[in-house]
Protein chains: 2
Amino acid sequence: MKSPVHLNALRAFEASARHKSFSAAAAELNVTPAAVGQLVRTLEEWLGMPLFHRASSGRVRLVPTEAAERALPDIRAGFDRLALGLERLKEGSASNVLTVTVSPAFAAKWLLPRIDRFQAAWPDTDVRLDTNHKPVDFAVQRVDVGVRYGPGNWPGLEAEKLMEEEVYPVCSPGLLREHGRLRKPTDLAREILIHDLSMDGYTGFPSWMAWLKKAGVAGAATPRGMQINNSAAVLQAAIDGHGVALARSVMVRDDLAAGRLVRLFPEVECASALAYYVVYRPECGNLPRVKAFRDWLFTEVAAG
Amino acid sequence: MKSPVHLNALRAFEASARHKSFSAAAAELNVTPAAVGQLVRTLEEWLGMPLFHRASSGRVRLVPTEAAERALPDIRAGFDRLALGLERLKEGSASNVLTVTVSPAFAAKWLLPRIDRFQAAWPDTDVRLDTNHKPVDFAVQRVDVGVRYGPGNWPGLEAEKLMEEEVYPVCSPGLLREHGRLRKPTDLAREILIHDLSMDGYTGFPSWMAWLKKAGVAGAATPRGMQINNSAAVLQAAIDGHGVALARSVMVRDDLAAGRLVRLFPEVECASALAYYVVYRPECGNLPRVKAFRDWLFTEVAAG
DNA sequence: CTGGAGTTAAAAGAAAAACTTTGTCGATAT
DNA sequence: ATATCGACAAAGTTTTTCTTTTAACTCCAG
């Protein structure tokens with residue numbers, strides 16, 4: 001845990017390596033080139049090895065040693081992280097921008113239609129959305145809170161279950177009228193099934209294959225299909241009457257309520273092993289803006 | 001990118017918060033308590049806010065402010081990362097321990113049976129194995145190189161394809177003799193299929209379901225099965241004659257060669273979308289020990 | 001109650017850095 | 001050739017950091 005070295009020397013080294021020049025580094029650090037040179041030399045003596053190949057000729061005279069090159073990414077990451085910590089100190093809880101990370105589909109289908117109510121309740125808080133498929137690094141991306149889909153364990157993060165979820169087929173009312181013969185799951189064999197590729201990475205998420213099995217449709221000999229890489233687009237395709245989609249209850253709540261989609265075969269229950277969780281860094285759980293958003297999420301869910 | 005603060009003051013703050021005492025922090029940093037106190041005070045003045053609640057009574061007199069508490073994890077992470085960078089500087093390429101991360105099954109079934117030859121060729125290099133299911137953070141775990149299974153894109157890491165892979169059913173010779181009727185894939189319906197749960201998390205990895213479909217076995221009405229959570233144990237169960245396993249070519253190469261297992265239905269080809277990759281941090285690719293290991297892996301694969 | 005051991009706090013002086021100044025040298029560009 | 005630019009070196013200066021000392025305070029033991 002001890003880093004007994006001259007931290008300033010390390011910083012001088014980093015800047016020099018970045019600019020490949022003592023002078024440029026000196027300019028950045030608001031000191032004279034000689035000062036930087038001395039710091040770096042001190043560090044080199046302390047380590048017992050050179051950090052730069054000093055070329056007395058050529059345009060670039062300062063080339064980091066191989067060992068230096070190897071250590072630089074870590075040193076940079078270290079300083080970055082420290083700067084982040086400082087920033088966090090300075091802002092304190094004063095900042096009024098709340099950064100939320102969610103998946104694009106969840107943003108479009110659940111959060112955005114409701115976010116007005118949060119902004120109305122907390123007009124002084126600016127919400128910044130960070131829509132991303134993959135879980136992001138909360139620390140480096142300066143994310144305050146996220147709503148994430150998964151099994152509920154994120155390393156180093158607090159997670160509270162927000163909503164459980166069911167999975168069922170949906171289609172447009174028009175499609176249902178035309179192909180009026182969608183009475184039992186086996187009728188799906190004649191329909192175009194819309195597959196959601198974006199959920200492939202989630203272990204435990206029911207695919208069409210799994211749902212059909214659960215519905216008792218044996219040997220679902222791969223009916224005609226359509227592959228779409230985005231959950232929101234999957235639902236849009238279903239709304240447009242292009243086929244039958246396997247929908248997540250959370251995502252289609254509004255579309256069902258508005259009559260844009262209808263649920264098929266409610267008698268088949270298929271719960272997802274995954275759920276939506278509110279996720280945040282433990283040390284940020286007490287931030288007023290985070291607490292406010294978390295509480296708002298839960299009331300919003302409770303309100304149906 | 002600038003962190004113009006007194007870095008030493010930050011360190012003093014961190015140590016004080018950790019020990020909840022200036023004196024203890026001072027002992028750690030080999031200075032007097034007064035020095036630590038001053039550093040922290042200057043930091044507080046610079047920030048314009050207190051960092052500790054000074055209790056004049058009670059056993060613990062130094063309690064970090066909420067803002068401080070929130071910033072501490074980042075500050076710690078920053079110093080840790082810096083220390084790591086320093087370590088990397090000091091060792092240089094001199095270290096002779098090579099840390100390799102692989103999955104437990106790959107270690108057992110492929111790497112360990114061959115590792116002797118690497119150690120013979122590089123007797124001065126100590127190999128440390130880090131067997132883990134999940135991809136680890138190469139930086140914080142001080143991992144030099146890994147052999148990982150997946151689609152080939154790891155953020156921030158260099159990846160070179162080492163081996164492609166096929167998937168096919170295998171069983172013990174004994175089982176094949178007794179149930180001599182394993183002539184075509186549909187015969188599998190009467191066998192116990194061993195499922196490898198540990199591969200569930202890998203998108204694109206063929207399951208029994210997918211293989212049967214590919215083999216033209218329609219409506220594989222879930223034959224009797226056995227679920228095992230570990231690839232090596234799956235193969236061991238097959239070797240022991242408990243059923244038919246869906247094996248990855250890389251894993252069973254030795255078992256097939258030794259006659260412990262036999263491949264079934266070689267006429268059905270089922271390539272995995274995934275492959276084995278050599279993975280390492282870009283900045284470490286030139287380390288002699290990493291280069292040596294990488295080259296050895298490729299010659300080992302080429303040798304069959 | 002009283003004294004010792006443990007804190008933090010505040011001052012001033014001592015020590016150790018970090019930095020600047022000045023000047024030299026080699027290589028490059030004009 | 002010569003002006004320029006950047007690294008290097010040595011000496012001097014400034015600033016920061018640390019220690020020392022003193023004081024005030026709390027807790028605990030006698």
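By convention in this document, chain letters (A, B, ...) are assigned in the order of the sequence lines, proteins followed by strands, and residues within each chain are numbered from 1. Reckoned from all heavy atoms, side chains included, excluding hydrogens, waters and symmetry mates.
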Worksheet item: Whole-Å distance between dT17(D) P and L7(A) CG?
Response: 11 Å
Discussion item. As a quick check of understanding, evaluate side chain to side chain contact (heavy atoms under 4.5 Å, CB included) for L98(B) and V290(B), giving each step before the final call.
Written reply: CA-CA 7 Å; L98(B) 175 80; V290(B) 171; 4.2 Å; yes
Worksheet item: Take atom CD in E160(B); do more than 12 heavy atoms of anything else shown fall under 6.0 Å from it?
Response: yes
Discussion item. By nearest heavy atom, map S21(A) and V36(B) onto DNA chain D; which one lands nearer the 5' end?
Written reply: S21(A)
Discussion item. Let's see if you can work this out: which of dT20(D), dT8(C), dG6(D) has an atom nearest to the side-chain heavy atoms of T32(B)?
Written reply: dT20(D)
Discussion item. In whole Å, I'd like the distance from the CG atom of L51(A) to the P atom of dA7(D).
Written reply: 15 Å
Discussion item. Nearest whole Å is fine: how far is dA7(D) P from K20(A) NZ?
Written reply: 13 Å
Item to complete: Would you mind reading off the distance between E45(A) atom CD and dC8(D) atom P, rounded to a whole angstrom?
Response: 12 Å
Practice prompt. Check N96(A), D144(A), T125(A) against R289(A) for a side chain to side chain donor-acceptor pair (under 3.5 Å) and give me the one that passes.
Written response: D144(A)
Worksheet entry | Sidechain N-carboxylate O distance under 4.0 Å for E28(B), R18(B) | yes
Polar-atom pairs under 3.5 Å, protein N or O versus N or O of nucleotides 10-18 of chain C: list them with distances, or write none.
none

Discussion item. Please determine whether a side-chain nitrogen of the Lys or Arg among R88(A) and E283(A) lies less than 4.0 Å from a carboxylate oxygen of the Asp or Glu.
Written reply: no
Discussion item. Do T101(B) and R148(B) make a side-chain contact, defined as non-hydrogen atoms from C-beta onward lying under 4.5 Å apart?
Written reply: yes
Practice prompt. Measure the distance from CZ on F22(A) to C1' on dC19(C) and round it to the nearest whole Å.
Written response: 15 Å
